[in-house]
Amino acid sequence: MSKTPQQNAATDANGVSVIHTQAHTSGLQQVPQLVPVSPGGGGKAVPPSKQGKKNSFVDRNSDEYRQRRERNNMAVKKSRLKSKQKAQDTLQRVNQLKEENERLEAKIKLLTKELSVLKDLFLEHAHNLADNVQPVGTETTTNPENNGQ
């Protein structure tokens with residue numbers, strides 16, 4: 001048995017309607033929703049930082065404009081240099097990792113060969129030991145060293 005929430009719509013100065021929803025049964029805080037009021041319904045909400053700048057005329061000869069452009073140009077240069085440096089660092093790291101990978105692959109080959117040689121030596125030695133071992137009970141007691149005792 002829940003009641004439907006009540007909605008109150010209000011339009012602000014920018015043509016954006018704010019819908020406030022109140023829920024009767026829950027103690028949750030509701031967040032206002034921004035909905036454009038334009039008849040087409042497809043407009044974007046404009047952030048507050050850009051709202052007053054649309055209609056204002058920019059005097060390109062003013063000192064303020066030139067200072068802003070200069071600061072912006074410096075920021076763009078800095079950003080591009082930073083981006084270029086990051087790309088160079090990434091490329092350098094890729095090359096280092098490729099070299100390390102080649103070195104490690106060569107080491108793997110060498111160790112694999114060494115393992116194969118050692119395995120062959122071990123198997124040969126084990127095979128020779130198996131050929132020299134006599135079955136139990138067929139040992140000869142005629143040892144020249146033990147005869148004199």
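Given the structure is predicted, the values throughout are model-derived calculations rather than measurements.
Atom CG of Asn128 and atom NE2 of His125 lie 8.0 Å apart (nearest 0.5 Å). The line from CG of Leu115 to CG of Leu110 is 11.5 Å long, rounded to the nearest 0.5 Å. To the nearest 0.5 Å, atom CG of residue Asp63 and atom CD of residue Glu70 are 11.0 Å apart.
Atom CG of Asn72 has more than 12 heavy atoms from other residues, nucleotides or ligands within 6.0 Å. Within a 6.0 Å sphere centred on CD of Glu114, other residues, nucleotides and ligands contribute 12 heavy atoms or fewer.
Side-chain atoms of Leu91 and Gln88, non-hydrogen and from C-beta on, never get closer than 4.5 Å to each other. At a threshold of 4.5 Å between non-hydrogen side-chain atoms, the residues Glu64 and Asp59 do not count as touching. Within the 4.5 Å cutoff, side-chain heavy atoms of Lys119 are placed close to those of Leu123.
Arg69 and Asn73 share a donor-acceptor pair across their side chains, judged by distance under 3.5 Å alone. Side-chain contact check for Gln85 and Asp89: at least one donor-acceptor pair (N or O, by modelled atom type) lies under 3.5 Å.
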Starting from the C-alpha separation in whole Å, work towards a yes-or-no answer on side chain to side chain contact (heavy atoms under 4.5 Å, CB included) for Arg68 and Arg71. CA-CA 5 Å; Arg68 281 195 330 223; Arg71 280 198 315 262; 3.6 Å; yes
Any chance you could lay out the side chain to side chain contact (heavy atoms under 4.5 Å, CB included) test for Lys77 and Arg80, step after step, and finish with the verdict? CA-CA 5 Å; Lys77 283 181 186 178; Arg80 288 179 182 158; 5.9 Å; no
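Screening Glu105, Lys98, Glu99 for a side chain to side chain contact (heavy atoms under 4.5 Å, CB included) with Asn101, the sole residue that qualifies is Glu105.
Ser83 places no side-chain N or O within donor-acceptor distance of the main-chain N or O of Ser79, the cut-off being under 3.5 Å.
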